[in-house]
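Have a look at the structure below before the remarks.
Chain identifiers are assigned alphabetically (A, B, ...) following the order of the sequence lines, protein sequences preceding nucleic acid strands; residue numbering begins at 1 within each chain.
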Amino acid sequence: MKYEPKNIEKKWQKVWEESGIYKNYTRDKKFYTLDMFPYPSGAGLHVGHPKGYIATDVISRFKLLNGYSVLHPMGWDAFGLPAENYAIKNKVHPRIAVEENIATFKKQLEAFGFTYDWDREINTTDPEYYKWTQWIFLKLFEKGLAYESNEPVNWCPSCKTVLSNEDLENGLCERCGSEVEQKPMRQWVLKMTAYADRLLYDLDSPELDWEDSITDQQRNWIGRSEGVTIKFPISNSQEFIEVFTTRVDTIFGCTYCVVAPEHPVIENLKSQILNLKEVEDYVLSANKKTNLERAELQKEKTGIRLEGVEVINPFTQKAVPLFVADYVLGNYGTGAVMAVPAHDERDFEFAKKYDLAIKPAIAVDDALNDQTRKIFEVAKEIAIFAKENKLVAAFDGGIGLDIAMGMITRNHGDIDLQVEKEKLEVWEKYFEDKGFVIKKNPDERFELYVAELESLHIDFGCYIDDVEKLIKNTIENIEFTTFNPIEILKYKKSEAERTKSKRLKDIHDYALFGEGSFVEDGYLINSEKYSGLSSQEAREKMADWLEKEGIGKRKVNYKMRDWVYSRQRYWGEPIPIIHCEKCGAVGVPESDLPVVLPEVENYEPTGTGESPLANIAEWVNTTCPKCGGAGKRETNTMPQWGGSSWYYLRYIDPKNNGALVGKELEKEWMPVDLYVGGAEHATRHLLYARFWHKFLFDIGAVSTIEPFKKLVHVGLIMAEDGRKMSKRWNNVINPDDVIDEFGADAMRLYEMFMGPFTQSVAWSTSGVSGVRRFLEKVYGLRKKVQIQSADNICGAGIFIEVGNGSYLFHERDQFAKIAPGSVAFWGGGREKNETPSQCAIRELNEELGIDVQENDLETIADMTSKNYVDGEFDRFFNLHTYLDINNITVKEGKGYVVMSLGEAVNNPKIDTRTKTLLEIISKGKKNKSLLHKTIKKVTSDIENFRFNTAISQMMILVNAMEKEEKILVADYELLVTILAPFAPHMAEEIWEKLGHEQSIFLQSWPQHDLELMKESEIEIVVQVNGKVRERLMVAADVTEDEIKETALESEKVKVFTEGKEIRKIIFVPEKLINIVI
RNA sequence: GCCCAAAUGGUGGAAUUGGUAUACACGCACGACUCAAAAUCGUGUGGCGCAAGCCAUGAGAGUUCGAGUCUCUCUUUGGGCACCA
C-alpha cells in the first residue's frame, strides 16, 4: 500500500498525453489560462520557475472538472540577448543552443504532469512565428507608429546594443549591469506615447482585473502630468525658449530659466553667448556623464550661466538670466524649465549655490499663519518653563499633528503635552496660573490638553530641547505674514537630519505648508493682478491667458517614452524594412515575409552600431520593392520583447498561414482569462503587450481592448538560506532532484502550500517531506474503505425510510442511501440459481414485508453484477452520495413513526442492528460536516489563489478521516476529487483503483451541501468583559435566553460576575456571549 | 525623496462583515516499535506562574462590550520609481 510515485506518475502522464483528455475544446464554457512563457536559458529550471506553472495547472484542472474547455498552452521566448550571450560564451550557434535548452526545459516541465497542449507549442525564433511579428511591425510602420529617430539613446557598451528605457535597472543595463551611455544613434522607435492615455485609462476598465501593485506600477511608469508650455522670448533675438511646467501659478516667482545641455538653443545662440567656450565645455562634460553619474551627483547641482543671454517672463515682461544645467532633462517636456526656487526644491538648491534671487509667489492663509504663530508661542512658553524647572516633558505627535489639524480644519489647534505623572501637580499649577484649561475640549480654540501618562513618553516626539530650537527657527526668524520657505528648508535639512527625527521635519511641513511642503497649493502673492487667487484658479486663468495670447498652451506630458525598438545584435527578428536612396525606408511586401534571419559566420556584436547582419552583402543588397532600384536591408534586429508582445494570440491558432490568428477562433478564446507570471514584467512585457494589443484592436485584428483579463503575479522562491537562488551562491535546487526523491505531486503540492501565492518564500526541503507524508496518508486511507469480499456478506439488510423519502440500506456496518423509488441489494445472499433481483425481491418481501416489483430493480441489477468483477471494491458504494438524516421514519407495524436521530438511537423498539447503524451515522455526521466544509473552502480558495489554505484544510480533513475506523467510499471519492488538481497523478491512480474506468478529470467538481455542513452541537465562548472565561457545548439551535442562563450559571463565570452588576450582555449567534460588568 | 506591499511562536504561515490569536506544516523534546538506526506511530510544544491566573500579533495612542483586523502617529523590512519641473 505504500505510495511509490515514480511509476505511477510516468504512467498517468503517458495516459493523459495519449488520450488528449484535457484537449477537449468543444465544451460550452471556455477558460484561457496562460503562463508567461519562459526564456529557455542554459541553466535549466530551478524550483522557483514552476511555481506559476503549477498554479495555472491547478486552475486548469479545476476548470476541467467544472466543465470548461481549457486552453493551457506553452512555448518559448527564445530570441534575445541572453540566448546570444550564452551562445557566444559556449561557442555554439544560438539556434543550436536554443534547441538544446528547449529540449531540457520541456523534459523538466513534462515531469510535472502539466496539462499543456504541446500541439500548440510556439517558438518566437521559428520563421513561421516571427513572420507575424514582422507583419505587426509593418502594420505599425504603415500607420506611422514605427519611425526612425536619431535622438540620443541608451547604449550598453558591454552588450554593444541600444536599450529601451524599460530595459534599464537603476540606470544600468538590466542584463549585464554595465553603465549605459547616452549616444545619438539612428534607431527604429515605436510610438508608444500615442497610446499613453489609453494604456493609462484602460487600467480602470472592467475588462481588466489586475492586482493593484501592478496597475500602480504601470500608472507610475506612464507618469502622466498636466501642465502648460510657455514661450519665453530671448532678449535681442528672434529666438525663444519654450518651457513646460505644471505650476504656472508660481510663475511670478520665476527668477531664472534653465535649459538641458542637449537643448538646441545653445547652438542657435552661439553668437550671442559671451562665455561660449565655458558653456561648450560644460555641455561636453555633461554629455559624457552617464545617466548614473547624472543621477548620483544629484545632490550637487551644476550648471553655467549663458552670459549675454536673457529671457523674458511673459507675465512680468522682466528679463531673467538663462542657465544650462544637467539637472534639467533633455528628453522630458521641452528640455527647458522656468526656475522657481521659492517653491521647487531643486531650483532652490541651484539658486542657493549660484546665489540667485528667491522670490515667493505662493503663501498659505494669513489667518492660519496667525493661528500657527499663537500655537508656537504657547509651545515656546511651555518649553521654557519646563527647562527652567527641570521638568522632563515631551511634545507628543500632538504638536505637529494638531497644528496640522488646525491648519486643515481651520478651527482649532491643540497642544498635546505629555509629562511625568508625578510631576503633574507642578504642571497643573503652571497651567492654572496661565489660565489654561487642563482638559480636552475640542470645541474651544487653543486649549491645552495634558495627557495623563503612566510613564514618560520617550519613543518619539520632540523633547523640550528640540521644541525650543523649533520655536527659535520659526517664530524668531520668520515673517509669518509672508513666511519664507527657505528658512524652513534649511532647518529641515540640518536639524531634522541631526536628530534623525523625521517627526520634526514633518512638524515644519505640516505647520507651515500643510502636507506636501513645496508643491502644495496656497494662494498667490506678489503676482500682480493674479495675487489673491488660489493656486488652482490661477492655473486656469493663466493658461487661458497664455492660449489667448498665443504664448503657450495646455499640454500633457508623460514620463513614458517611445519604445526604442532596434538592437544591434544578431539573435533577433530582422526588421522588415528596405532602405532605398530614392524612396527612403520601404516596408518589405507582406508576400515576402518572413524576412528570414540569415546564417552568418560571425554573430558577435560589432560595437559599431551596426548588427553583424551588415557584413552579409548578399543579404543586405536587394531591390527596392517600390521602385525596383537598388536597396539595402535594415540590419538592426528587434528586441526580445517583440515576439512576446503577441504570443498569447498565436496559441489560439498556431498553424494559421493566412493570419496571425483566425478571427473566429480569436473571438472564441480571447481574452486570456488568467495570466500568471513574475512581477518583474510589470513595466515591460505587460506594457508592450497591452500597447500592441490596442494597436491590433485598432486595425481590427483582435476583438478585445485588453489582452489579459486577470493577472496574478507569482512570488519568488528563495533559497533555503534566504538569498535568491543563484549559481553564484551555490544554493540552487533542481526540480528534477526533488521530483526524483518526493514525486511530482509532492513537489506541486509543496509549492502551493509554502505560503501565500504572490509572496516570496524560502524553499524548505523538510517542508516537501511534510506534504509527501500527507499524500501517503491519503493513499493509505484506501485501507479503510476496503470491505470484505462480497461473498462474506449475505442477506438483505434493513431499509429505513429517511427524511426525504429515500431509503437507507443497512447491512452489517455497511450502509447506503438509495434514491427514492429504488432499492438496494447486497449480492452475497443469493440462493442457488437465483438472480440478484429475484433474491432482492424475495428478501425484501420475506424479511421486511415490503412489496417490491421486478421493474423497481433495474439499477440494482447493474450494480450487483459488478460486485464480482472487482473483489477489492464494491461498486455498490458508488451510490453513496451523502447521508442526510435529521429525521428518520421508522416502520412500525403498519404505520410509521418519525423520530430524530438521537431519539431513534435510544428507542427500545428499534432493533440492535439498526441501532448500530444509527450510531455509526451519528458518529459519521461530524465528518460529513467537515467534509463539506472542506469542499466549500477548497473551491473558494482555488478560485482566489489561496492554495496554501486549501491544502491545510484538506490536511485537517485527512487527519480526521484517519481516526475513523471506516470511511464511506463516496466520501473518499470526494476527497480525492478535490485533491486531484493539486496531485493529479495520485488522484488518478486512486480513482482507477476504486474501480472507475474513466479518468477522474471527467468527473464533475463536487458541490458542498449546506445542510450537511451544519453541526448538531456547537461551542459557544463565554466572555466576561471581553475575556474568554468558559466554553460551552450546546445544541446548534439553542436560543439566546437559554445560553444566557447557562452561561451565568457556570462556575467559571460566577467567579468573575459574583457581586457585580451586569450592565450588558452581548450575544453573537453561534459564536459567543459577552457579559459586561 | 515619491508610490506600493508587509511586520503574528524556534521556522513557513492560519485567522475578511471587528467576535475563541497561533489552524496546518516544519522543527524540537519525550515515549512506543528496534540489537541499533532510519522510517512509522503516539504525546507535548507562545511566554511567565505550583496553581488560580496574568502577559503576548513591530512600537505608542484612539474608537469599541470586544482590535492581529478599523483610525492616527512612529519604526523596520521588501518591491518599484527616481533631478519627470
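- Using the Watson-Crick or G-U wobble rule with both distances under 3.5 Å, B:rC30 pairs with B:rG42.
- Partner assigned to B:rA82 is none, using Watson-Crick or G-U wobble distances below 3.5 angstrom.
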For nucleotides 64-71 of chain B, 5' to 3', base contacts (B), sugar-phosphate-only contacts (S) and non-contacts (-) with protein non-hydrogen atoms under 4.0 Å give -B------
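- A:Asp347 comes within 4.0 angstrom of nothing in the nucleic acid, heavy atoms only.
- If you take atom C1' in B:rG68 and the same atom in B:rU20, they sit 14 Å apart, rounded to whole Å.
- B:rU11 and B:rA23: their P atoms are spaced 15 Å apart (whole Å).
- A donor N or O paired with an acceptor N or O is not found under 3.5 Å between the base of B:rC81 and the side-chain atoms of A:Lys559.
- Using N1 to N3 plus N6-O4 or O6-N4 for Watson-Crick, or N1-O2 and O6-N3 for G-U wobble, each under 3.5 Å, B:rC48 pairs with B:rG53.
- B:rA52 and B:rU8 have their C1' atoms separated by 28 Å, with the value rounded to a whole Å.
- Under the Watson-Crick or G-U wobble criterion, with both distances below 3.5 Å, B:rU71 is paired with B:rA61.
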Between the protein and nucleotides 54-58 of chain B, are there any N/O to N/O pairs under 3.5 Å, and if so, what are the atom names and distances?
{"from": "B:rC54", "atom 1": "OP1", "to": "A:Arg1029", "atom 2": "NH2", "distance (Å)": "3.2"}
{"from": "B:rC54", "atom 1": "OP2", "to": "A:Arg1029", "atom 2": "NH1", "distance (Å)": "3.1"}
{"from": "B:rC55", "atom 1": "OP2", "to": "A:Lys1027", "atom 2": "NZ", "distance (Å)": "2.9"}

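- In plain terms, the two heavy atoms of A:Leu775 and A:Ala983 that are nearest each other are CD2-CB, 3.8 Å.
- B:rC35 makes up no base pair with any nucleotide shown, lacking Watson-Crick or G-U wobble contacts both under 3.5 Å.
- Using a 30° and 60° split on the angle between ring planes, A:Phe252 and A:Phe315 fall in the perpendicular class, above 60°.
- Within 4.0 Å of A:Phe753, counting heavy atoms only, lies at least one base atom of the nucleic acid.
- Looking at A:Ser225 and A:Tyr332, their side chains do bring a donor and an acceptor atom within 3.5 Å of each other.
- In B:rG9 the base sits syn relative to the sugar, since the glycosidic angle is no further than 90° from 0.
- With both ends at atom P, the span from B:rC48 to B:rA56 equals 15 Å, rounded to whole Å.
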